Amino acid sequence: MLMENIRVRFAPSPTGYLHVGNARTALFNWLFVRKKKGIFVLRVEDTDIERSAAEYEHQLIEDLRWLGLDWDEGPDIGGPFGPYKQSLRMDIYSVYTQKLLEEGKAYYCFCTPEQLKKEREEALSSGKIPIYSGRCRFLSPEEAMRRLEAGERGAIRLKTPDSGTLSFNDLVRGNLSFDLKLTGDPILVRSNGRPAYNYAVVIDDSLMQITHVIRGEDHISNTPRQILTCEALSISPPQFAHLSMVMGKDNTRLSKRHGATAVAQFKREGILPEALFNYLALLGWAPPEGEEVLIKDDLIKLFDLEKVSRSSAIFDYDKLHWLNRQHIKRLPPRKKAEIAYPYLKKTEILPEVMTEEHWKWLERAVECFLEGVDRFADLPEKFALLFDFSPSDMDKETREILQSESAALVIKLFVKKISKVEKFDYPTFAAITQEIKEETGYKGKSLYHPLRVAFTARSSGLELDKFIPLVEDGAKISFPKPLKDCAQRVSEMLEFLQ
RNA sequence: GCCCCUGUCGUCUAGCCUGGUCUAGGACAUCGCCCUUUCAAGGCGGCAACACGGGUUCAAAUCCCGUCGGGGGCGCCA
């Protein structure tokens, strides 16, 4: 028997791709509940038919799973308190609505949206409180019935107190209190018969026995309304915890113009799910010990909802990238190659069908190039060092290296010597350069720099002890675009020079 | 306009509840040095913050008040 039966939920509406802000909310819920060994519920809030789409719902589930979250009850796996989609729960809500109407705790409102909008604007411009006037509150039930029967469509509102204070304890912010005269009668059911968000959540959370509601700060001012609804329904409200918002660099809500915001986008760029997971957990929370590179199990152990920051946090792409590098490093070589493959196949560096020989080579190549790479999507560009060798496209800096006094001689000698060797590898390279060094007296930069350029047509890149074996072995394997070996490269370079 | 939340290095934060141990700690970024046949990685080091103004106190980042800044909300959106 569990001492406390903690149940939390993540309740997104399928109106767009999963945003990192929402992902963080989901993650904090997950961390909290996994630590407490409770139940995580996924519920889809699709009461707004105009904006919801099935396509988004699938994407949402996929993104959540990719991030590494799992749930114990949800629309895709069912559970004892289903259905887990609000659009499938319409008849449930109406039972409660009937009850509230009968008890006189809710009433029909026939004001039109246009009328309400006008009133709101007038109130705002004259400095008054822009809340519902309560005009229909005093309509008798008989009058309401009459108008309904006459074909008028009405929304249903909750009758709320006109004065007093309502306060509740927020798990991250402490005691919060609100002046009830500033809270108008909220719409429970829209005139199209669909429940409004604030109403549906209350009923669903109660029926699904949710004990802790962990959500964004933008819901703080909804909370009094929801507690009032609980009271009308005679149910006890859950505990609340409101998380701060995620901002962009300019301290406005994180949006597309700041960079990637959708989980799927980070996935596409080659951010590891464990890195995004790790980063999101660090956004507004810090582990007590100081070590920040953490995996899920560590995070579950260390997480503490009450230690979550109350102020908003700016999303830092640099730190995400750093964490990504840290997590990439921890991956076994084969895994890195497998993740890298799609990115390289897409740019036609690697073939559709990979032999074991390809994989082995790729493992080595990826191991070399991944150093200092932020995301897997940056890899094709790095591989160009191997696959694109064109002396005619060299940049200014590279050409200058070739114009140094040592360059022509070193390359010429090298071509001569390499033509005599059976098998070229790094030790051979070392031997040849040693000979050139002795013959010409050139050493260090003046010796190696021209050779680097001769091999790569670039002034920087991999270290040659890594580059040479990779190219030599790669040249023996078939690729969509063949890999030239070193001998060929140097002679092409010499040709170009003359 | 009104209400609510929030304010420690450029950024994420530790410390704040339970004043002194804070000449404010860590991480990212940045800068410098080392390593190195370039770059990166790695190692070492530097720069850098208690929003402001009043109180309370022997003593305030920590407690109180005010100001200012930032965010959110005031929907038949969620």
Side-chain angles (χ1 to χ4, degrees), chain A residues 11-15 45-48 50-52 86 109 111-113 116-117 120 123-132 153-157 170 172-174 176-179 181-184 186-198 200-201 215-224 242 244-245 247 249 251-253 279 282-293 307 309-323 325 329 368-373 382 397 401 433 443-449 451-453 456 458-465:
Chain A
S13 50
T15 52
E45 313 227 317
D46 55 350
T47 51
D48 184 0
E50 276 94 54
R51 293 181 17 184
S52 299
Q86 288 188 329
C109 170
C111 301
T112 63
L116 294 169
K117 192 177 172 219
R120 198 160 32 240
L124 235 27
S125 63
S126 63
K128 294 207 191 76
I129 312 164
I131 60 169
Y132 178 59
R153 304 240 286 170
I156 299 170
R157 285 182 191 269
D170 187 289
V172 342
R173 280 154 213 277
L176 262 31
S177 61
F178 298 83
D179 189 344
K181 70 169 174 288
L182 268 20
T183 306
I187 296 268
L188 260 24
V189 181
R190 293 181 271 214
S191 54
N192 65 4
R194 300 221 152 218
Y197 164 80
N198 276 308
V201 255
R215 60 195 348 179
E217 190 182 47
D218 46 341
H219 289 284
I220 290 184
S221 49
N222 280 326
T223 312
H242 290 96
S244 59
M245 307 265 82
M247 316 298 270
K249 200 124 203 100
N251 219 357
T252 62
R253 251 174 131 141
Y279 179 68
L282 256 29
L283 204 54
W285 173 79
E289 295 299 317
E291 175 56 58
E292 292 187 330
V293 184
K307 288 281 189 180
S309 167
R310 296 165 309 268
S311 56
S312 57
I314 293 173
F315 195 92
D316 184 357
Y317 292 90
D318 283 337
K319 188 144 187 181
L320 203 215
H321 289 163
W322 176 77
L323 276 171
R325 291 204 303 269
K329 270 188 207 164
C368 292
F369 285 115
L370 229 32
E371 290 280 323
V373 160
K382 296 274 176 185
E397 192 194 344
I401 292 168
T433 47
K443 58 181 181 178
K445 245 182 175 167
S446 55
L447 171 62
Y448 291 102
H449 236 135
L451 289 175
R452 158 177 301 283
V453 175
T456 65
R458 284 169 177 76
S459 56
S460 68
L462 272 188
E463 285 152 21
L464 291 177
D465 59 343

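It should be emphasised that the depicted structure is a prediction, and the values quoted were computed from it without experimental measurement. Here is the naming used below: chain letters follow the sequence lines, and residue numbers restart at 1 for every chain.
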Participant: Counting any heavy atom closer than 4.0 Å, what does A:Glu291 reach on the DNA or RNA strands: base, sugar-phosphate only, or nothing?
Facilitator: nothing

Participant: Should we say atom CD of A:Glu289 is surrounded by more than 12 heavy atoms from elsewhere, each under 6.0 Å from it?
Facilitator: no

Participant: CG of A:Asn251 versus P of B:rG71: gap in Å, rounded?
Facilitator: 6 Å

Participant: Please figure out whether A:Ser191 or A:Leu124 has its closest RNA chain B nucleotide nearer the 5' end.
Facilitator: A:Leu124

Participant: If you look at every strand shown and take non-hydrogen atoms under 4.0 Å, does A:Lys117 touch a base, only sugar-phosphate, or nothing?
Facilitator: nothing

Participant: Expressed in angstrom and rounded to an integer, what is the separation of A:Phe178 atom CZ from B:rC3 atom P?
Facilitator: 13 Å

Participant: Considering every strand and a 4.0 Å limit on heavy-atom distances, what is the contact class for A:Ala155: base, sugar-phosphate, or nothing?
Facilitator: base

Participant: Describe the nucleic acid contact of A:Gly284 in one word from base, sugar-phosphate, nothing, applying a heavy-atom distance below 4.0 Å.
Facilitator: sugar-phosphate

Participant: Give a yes/no on whether any side-chain N or O of A:Arg325 is located under 4.0 angstrom from OP1 or OP2 of B:rA29.
Facilitator: yes

Participant: Using atom CZ of A:Arg194 as one end and atom P of B:rC77 as the other, report the distance to the nearest whole Å.
Facilitator: 12 Å

Participant: Can you name the nearest heavy-atom pair linking A:Phe369 to A:Lys382, along with the distance?
Facilitator: CE2-O, 3.4 Å

Participant: Could you tell me which non-hydrogen atom of A:Arg458 sits nearest to which non-hydrogen atom of A:Arg452, and how far apart they are?
Facilitator: O-CG, 3.7 Å

Participant: May I have the distance from A:Asp465 (atom CG) to B:rC39 (atom P), rounded to whole angstrom?
Facilitator: 15 Å

Participant: Per the atom types in the model, does the base of B:rC3 pair as donor or acceptor with the side chain of A:Ser221 at under 3.5 Å?
Facilitator: no

Participant: Determine the contact category for A:Thr433: base if any of its heavy atoms lies under 4.0 Å from a base atom, sugar-phosphate if only primed atoms, P, OP1 or OP2 are that close, otherwise nothing.
Facilitator: nothing

Participant: Rounding to an integer number of Å, can you tell me how far A:Leu464 CG sits from B:rC39 C1'?
Facilitator: 12 Å

Participant: Would you classify A:Ile129 as touching base, sugar-phosphate or nothing, given that sugar-phosphate means primed atoms plus P, OP1 and OP2, and contacts are heavy atoms under 4.0 Å?
Facilitator: nothing

Participant: In whole Å, I'd like the distance from the CG atom of A:Leu176 to the C1' atom of B:rU6.
Facilitator: 11 Å

Participant: State, to 0.1 Å, how close A:Ser309 and A:Ser244 come at their nearest heavy-atom pair, and which atoms those are.
Facilitator: O-OG, 3.9 Å

Participant: Hey, does the side-chain of A:Asp316 have a donor or acceptor N/O within less than 3.5 Å of a partner on the base of B:rA29?
Facilitator: no

Participant: Just checking A:Asn222: base, sugar-phosphate only, or nothing, at a heavy-atom cut-off of under 4.0 Å?
Facilitator: base

Participant: How many whole angstroms separate atom CG of A:Asn192 from atom C1' of B:rC77?
Facilitator: 13 Å

Participant: Quiz question: going by heavy-atom distance under 3.5 Å, is there a donor-acceptor pair between the base of B:rC12 and the side chain of A:Glu292?
Facilitator: no

Participant: Over all strands shown, is A:Ser125 touching base, sugar-phosphate only, or nothing at heavy-atom distances under 4.0 angstrom?
Facilitator: nothing

Participant: Kindly say if A:Arg310 contacts the phosphate of B:rC17, meaning a side-chain N or O under 4.0 Å from OP1 or OP2.
Facilitator: no

Participant: Phosphate oxygens OP1/OP2 of B:rA29: is one of them under 4.0 Å from a side-chain N or O of A:Lys249?
Facilitator: no

Participant: Applying the 5.5 Å / 30° rule, does A:His219 stack onto the base of B:rG72?
Facilitator: no

Participant: Do you know the tightest heavy-atom contact between A:Glu217 and A:His242?
Facilitator: CA-CB, 4.2 Å

Participant: Would you call A:Ile220 and A:Phe178 a side-chain contact if the rule is heavy atoms closer than 4.5 Å?
Facilitator: yes

Participant: Rounded to whole Å, please give me the gap between CH2 in A:Trp285 and P in B:rU11.
Facilitator: 22 Å

Participant: Does B:rC3 have its OP1 or OP2 closer than 4.0 Å to a side-chain nitrogen or oxygen of A:Lys181?
Facilitator: no

Participant: Kindly say if A:Arg190 contacts the phosphate of B:rA78, meaning a side-chain N or O under 4.0 Å from OP1 or OP2.
Facilitator: yes

Participant: Write down the distance separating the P atoms in B:rG73 and B:rU67, rounded off to the nearest Å.
Facilitator: 24 Å

Participant: For B:rG73, does OP1 or OP2 lie under 4.0 Å from any side-chain N or O of A:Arg253?
Facilitator: yes

